[in-house]
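Sequence lines set the chain letters: A, B, ... in the order given, protein chains first and strands last, and positions in each chain run from 1. Note that the structure is a prediction, hence the values are computed from the model and not measured.
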Amino acid sequence: GAVVSQHPSWVICKSGTSVKIECRSLDFQATTMFWYRQFPKQSLMLMATSNEGSKATYEQGVEKDKFLINHASLTLSTLTVTSAHPEDSSFYICSAYPPGRATDTQYFGPGTRLTVL
Amino acid sequence: AQSVTQPDIHITVSEGASLELRCNYSYGATPYLFWYVQSPGQGLQLLLKYFSGDTLVQGIKGFEAEFKRSQSSFNLRKPSVHWSDAAEYFCAATSGTYKYIFGTGTRLKVLA
């Protein structure tokens with residue numbers, strides 16, 4: 001099946017610094033990827049839709065200037081948490097679906113745990 | 001508003017016992033429905049999905065789910081639970097706009 005990877009799997013950073021998380025589709029090209037955030041013991045909340053070659057679409061309430069998304073190629077989307085603060089600590093998960101399979105199954109990455117000190 | 005509800009936050013069953021996890025949805029039309037499992041610190045693994053057709057869907061790891069339009073439900077079942085099934089289970093739905101809505105999850109604990 002389709003595989004989505006994330007890097008790093010976990011990261012610890014100091015408050016005020018920026019952190020970049022990568023999401024890669026390993027065996028398929030993804031024009032669209034999704035970024036979710038999951039708080040401890042809670043569900044996944046969609047943050048934004050990452051579109052290859054164009055601007056990301058952010059969900060209501062998500063600060064686009066804080067969570068920068070770049071989908072520079074058909075296999076890579078990055079999420080940069082800028083000027084991170086402790087409240088940004090969370091589990092970030094990306095997903096993608098193979099081309100031509102709209103509404104079909106999304107494949108999820110293993111997630112990145114961010115801890116901001 | 002569209003929503004997915006998992007009424008049970010925690011469920012504990014004994015190994016070998018049967019399992020049913022509940023999921024209800026609220027959508028204008030029948031959405032596409034999914035069940036995912038998440039082990040601690042891990043991403044989500046698809047167990048099964050329903051798009052149309054047979055309302056009883058078979059998935060991996062011995063799981064199945066039944067779609068009931070009249071009850072707006074998509075409950076997950078397993079006849080005999082194994083200790084390795086202990087995890088968080090998420091029901092999700094999409095109306096075809098690529099945006100998934102997840103339930104709040106049900107944490108399954110399996111007693112030896």
Side-chain angles (χ1 to χ4, degrees), chain A residues 1-11 21 23-26 30-51 56-60 62 90-115, chain B residues 1-11 21 23-25 27 29-53 57 59-61 65 86-109:
Chain A
V3 178
V4 176
S5 71
Q6 283 184 241
H7 178 79
S9 56
W10 59 272
V11 57
I21 302 170
C23 176
R24 294 182 184 273
S25 54
L26 297 185
T31 55
T32 304
M33 293 182 172
F34 304 90
W35 286 97
Y36 293 84
R37 182 174 182 177
Q38 184 181 28
F39 291 100
K41 300 184 179 181
Q42 295 188 30
S43 187
L44 284 75
M45 298 298 295
L46 180 66
M47 297 175 63
T49 302
S50 173
N51 304 297
T57 304
Y58 290 83
E59 295 300 301
Q60 189 173 9
V62 177
S90 191
F91 195 54
Y92 293 88
I93 302 177
C94 71
S95 72
Y97 59 86
R101 295 173 66 178
T103 74
D104 204 327
T105 311
Q106 289 186 21
Y107 293 90
F108 289 81
T112 297
R113 183 162 303 283
L114 170 63
T115 300
Chain B
Q2 299 170 335
S3 66
V4 175
T5 303
Q6 293 179 248
D8 305 304
I9 298 175
H10 294 99
I11 283 186
L21 303 182
C23 173
N24 293 95
Y25 64 88
Y27 269 74
T30 300
Y32 302 112
L33 296 161
F34 308 83
W35 274 101
Y36 286 88
V37 60
Q38 183 182 37
S39 298
Q42 302 296 312
L44 278 71
Q45 181 182 22
L46 178 69
L47 290 176
L48 45 80
K49 60 187 177 184
Y50 172 78
F51 284 1
S52 64
V57 180
I60 63 172
K61 302 185 178 184
E88 186 96 25
Y89 291 80
F90 290 96
C91 181
T94 179
S95 60
T97 61
Y98 321 136
K99 180 178 178 179
Y100 277 33
I101 294 178
F102 284 85
T104 50
T106 298
R107 184 169 296 276
L108 174 64
K109 182 177 180 180

Original post:
Taking atom OH of B/Tyr100 and atom CZ of A/Phe108, what is their separation to the nearest 0.5 Å?
Top reply: 6.0 Å

**OP:** Measure B/Leu46 against the heavy atoms of chain A and call it side chain, backbone, both or neither at under 4.5 Å.
**Re:** side chain

Subject >> Part of B/Gln38 lying under 4.5 Å from any heavy atom of chain A >> reply: side chain

Original post:
Can you name the side chain to side chain contact (heavy atoms under 4.5 Å, CB included) partners of B/Leu33, sequence neighbours left out?
Top reply: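 Once residues adjacent in sequence are excluded, the partners of B/Leu33 under the side chain to side chain contact (heavy atoms under 4.5 Å, CB included) criterion are B/Tyr25, B/Pro31, B/Tyr50, B/Phe67, B/Phe74, B/Ala93.
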
Original post:
Tell me, side chain or backbone of A/Gln38 under 4.5 Å from chain B's heavy atoms, or both, or neither?
Top reply: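 Only the side chain of A/Gln38 comes within 4.5 Å of chain B.
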
**OP:** Let me know if A/Leu44 has heavy atoms under 4.5 Å from chain B in its side chain, its backbone, both or neither.
**Re:**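 Both backbone and side chain of A/Leu44 come within 4.5 Å of chain B.
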
Original post:
For B/Ile60, does the CD1 atom sit with more than 12 other heavy atoms under 6.0 Å from it, leaving out its own atoms?
Top reply: yes

Subject >> side chain to side chain donor-acceptor pair (under 3.5 Å) partners of A/Tyr36, counting only residues at least two apart >> reply: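 A/Gln106.
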
Original post:
Which heavy atom of A/Ser43 sits nearest a heavy atom of B/Phe102, and at what distance?
Top reply: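 Closest heavy-atom pair between A/Ser43 and B/Phe102: OG-CB, 3.1 Å.
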
